> 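One structure is given below, represented as structure tokens, and several questions about it will come after.
Everything numeric here is computed off the predicted structure, so don't read it as measured data. Proteins come first, then strands; the chains are lettered A, B, ... in the order of their sequence lines, and each starts at number 1.
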Amino acid sequence: MWMWQLIFNLTMKIASWNINSIRTRLEQLITWLNESNPDIVLLQETKVLDENFPFEPIEDCGYNIVVHGQKSYNGVAILSKFPLEDIQIGFPGQKDPSQARYIEAVTNNLRVASVYVPNGQEVGHDKYHYKLKFLEDFFHYTNQLQGLNERVIIGGDYNIAPTDLDVYDAKKFQDRILASPLERRAWRKIIHSGWIDAVAAYLGTNDLNAETFYTWWDYRQGSWEQNRGLRIDHFLLTPQAADQIKTISVDTDLRGNIRPSDHAPLILELTQLIV
DNA sequence: ATGGTAGGGATCCTA
């Protein structure tokens with residue numbers, strides 16, 4: 001009996017959500033925090049200066065908060081029920097730290113980060129090359145993190161659908177932004193260096209389809225209603241963390257809300273193995 | 001079929 005209690009207490013729920021403006025979505029966020037009760041939340045596209053971040057209502061839900069925001073665009077944050085330490089704003093080697101796209105902290109003996117990879121606009125655009133450069137610099141930093149030999153989880157909007165299974169229409173997205181060969185190569189480079197895509201690992205052990213893990217549906221042309229989605233939000237785990245995956249799922253309820261974000265939260269549960 | 005919708009905040013940029 002006591003042992004089950006111990007295992008229960010060591011389960012940790014970590015969510016990643018591109019909220020697309022925390023001020024517009026604040027009420028939805030609070031409702032969801034109270035209902036879903038995640039231990040750690042990694043947010044992207046908060047779209048708010050740090051001085052205007054709505055700290056109080058979130059702290060009232062029992063969370064500590066660290067933020068890295070800017071005006072109008074981007075912006076990342078970490079919420080945790082545990083103390084947040086060793087906070088890092090941006091990552092070493094990030095070429096353009098004025099774009100608020102990365103924040104990292106240690107909480108409850110786990111290193112977590114929230115990343116918002118550039119969208120890239122369209123293949124060949126200046127913003128596309130900016131995205132590829134960001135991914136290259138990010139790759140080098142993630143190698144440094146691997147060297148720590150810690151449990152590390154980087155959740156966020158990577159703006160990459162890793163394979164054709166991760167888009168609702170592979171032909172439509174062939175050579176297009178979010179699914180182009182160079183973006184996918186950048187993704188694989190990170191994966192092949194030792195990071196575990198939590199969903200890919202979970203799919204390998206369960207009878208589920210990749211479409212179960214779509215996290216983004218375009219606001220336009222009734223994409224949500226027709227389930228024309230993409231899997232572009234991901235959790236990357238070091239092997240030390242991947243060994244503890246219990247479940248992973250997408251909270252699609254939020255995408256069905258009135259005035260929703262165009263992304264749904266990706267939710268990972270870890271279990272500490274008792275040996 | 002090169003549109004469509006949403007957010008920020010400024011009369012367009014980003015996604």
> Specify the separation, in whole Å, of atom OH of A:Y130 and atom C1' of B:dC13.
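Between C1' of B:dC13 and OH of A:Y130: 15 Å.
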
> Taking the same atom, C1', in B:dA6 and in B:dA10, what whole-Å distance lies between them?
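B:dA6 and B:dA10 have their C1' atoms separated by 16 Å.
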
> Name the closest nucleotide to the A:Q221 side chain, picking from B:dA15, B:dA6, B:dG3.
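When the side chain of A:Q221 is considered, B:dG3 is the closest of B:dA15, B:dA6, B:dG3.
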
> Using atom CH2 of A:W224 as one end and atom C1' of B:dG4 as the other, report the distance to the nearest whole Å.
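Between C1' of B:dG4 and CH2 of A:W224: 19 Å.
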
> Would you say a side-chain N or O of A:K71 is under 4.0 Å from OP1 or OP2 of B:dA10?
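Checking A:K71 against B:dA10: at least one side-chain N or O falls below 4.0 Å of OP1 or OP2.
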
> Report the residue (A:K172 or A:N119) whose heavy-atom-nearest nucleotide on DNA chain B is the more 5′ of the two.
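Here A:K172 is the residue nearer the 5' end.
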
> Would you mind reading off the distance between A:D126 atom CG and B:dA15 atom P, rounded to a whole angstrom?
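Those two atoms, CG and P, are 13 Å apart.
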
> Does A:K127 have a side-chain nitrogen or oxygen under 4.0 Å from the phosphate oxygens OP1 or OP2 of B:dT14?
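It does, given that an N or O in the side chain of A:K127 lies less than 4.0 Å from OP1 or OP2 of B:dT14.
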
> Could you state the CH2-C1' distance from A:W217 to B:dA6, rounded to the nearest angstrom?
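To the nearest whole Å, that distance equals 17 Å.
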
> Applying side-chain contact (heavy atoms from CB on, under 4.5 Å) between A:M12 and each of A:L268, A:T271, A:L110, report the one that passes.
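The residue from A:L268, A:T271, A:L110 that satisfies side-chain contact (heavy atoms from CB on, under 4.5 Å) with A:M12 turns out to be A:L110.
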
> Grab the CG-P distance between A:D169 and B:dA1 for me, whole Å please.
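My rounded result for the distance is 16 Å.
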
> Can you name the closest pair of heavy atoms from A:T46 and A:V76 and give their distance?
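In terms of heavy atoms, the two residues are closest at OG1-N, 3.7 Å.
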
> Between B:dC12 and B:dT2, how far apart are the two P atoms, rounded to whole Å?
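That atom pair is separated by 23 Å.
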
> Using atom P of each nucleotide, how far apart are B:dA1 and B:dT11 to the nearest Å?
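Those two atoms are separated by 35 Å.
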
> Check every atom of B:dA15, B:dT5, B:dG4 against the side chain of A:E45 and return the nucleotide holding the closest atom.
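Selected nucleotide: B:dA15.
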
> Check every atom of B:dG7, B:dG4, B:dG9 against the side chain of A:R220 and return the nucleotide holding the closest atom.
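Within the option list, the nearest is B:dG4.
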
> Check whether the side chains of A:D96 and A:Y130 place a donor and an acceptor atom closer than 3.5 Å, and report yes or no.
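Result is yes, a qualifying pair exists.
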
> Could you measure between the two P atoms, the one in B:dG7 and the one in B:dG3, and give it in whole Å?
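Roughly 22 Å separates the two P atoms.
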
> Rounded to the nearest Å, what distance is computed from the CG atom of residue A:N18 to the P atom of nucleotide B:dG7?
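Atom CG in A:N18 sits about 12 Å away from atom P in B:dG7.
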
> Rounding to an integer number of Å, can you tell me how far A:L178 CG sits from B:dT14 P?
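Distance check: A:L178 CG to B:dT14 P gives 16 Å.
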
> Which residue lies toward the 5' end of DNA chain B, A:Y116 or A:S21, if each is placed at its nearest nucleotide?
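By nearest-heavy-atom nucleotide position, the 5'-most residue is A:S21.
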
> For the hydrophobic clusters of this structure (ILVMFWY residues joined by side-chain heavy atoms under 4.5 Å, transitively), does one cluster hold both A:W217 and A:I19?
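No, A:W217 does not connect to A:I19 through the hydrophobic network.
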
> Using distance alone, with no hydrogens and no angle criterion, decide if A:H263 and A:N20 have a side-chain donor and acceptor under 3.5 Å apart.
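Note: A:H263 and A:N20 side chains miss the donor-acceptor criterion.
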
> With no hydrogens and no angle check, do the side chains of A:Q144 and A:H140 hold a donor and an acceptor under 3.5 Å apart?
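No, because no side-chain N or O of A:Q144 sits under 3.5 Å from a partner of the opposite role on A:H140.
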
> Distance check: side-chain N/O of A:R25 vs OP1/OP2 of B:dG7, anything under 4.0 Å?
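Yes, within the criterion.
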
> Think A:T24 has a side-chain N or O under 4.0 angstrom from the OP1 or OP2 of B:dG7?
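Answer is no, no contact under 4.0 Å.
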
> Phosphate oxygens OP1/OP2 of B:dG7: is one of them under 4.0 Å from a side-chain N or O of A:R259?
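Affirmative; the distance criterion is met.
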
> Starting at CZ of A:F134 and ending at P of B:dA15, how long is that distance when rounded to a whole Å?
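Whole-Å distance recorded here is 12 Å.
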
> Reckon A:R101 touches a base, only the sugar-phosphate, or nothing at all at heavy-atom distances under 4.0 Å?
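Sugar-phosphate contact only - A:R101 comes under 4.0 Å of backbone atoms but never of a base.
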
> Which whole number of Å gives the distance between the P atom of B:dG9 and that of B:dT14?
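My reading of the P atoms in B:dG9 and B:dT14 gives 14 Å.
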
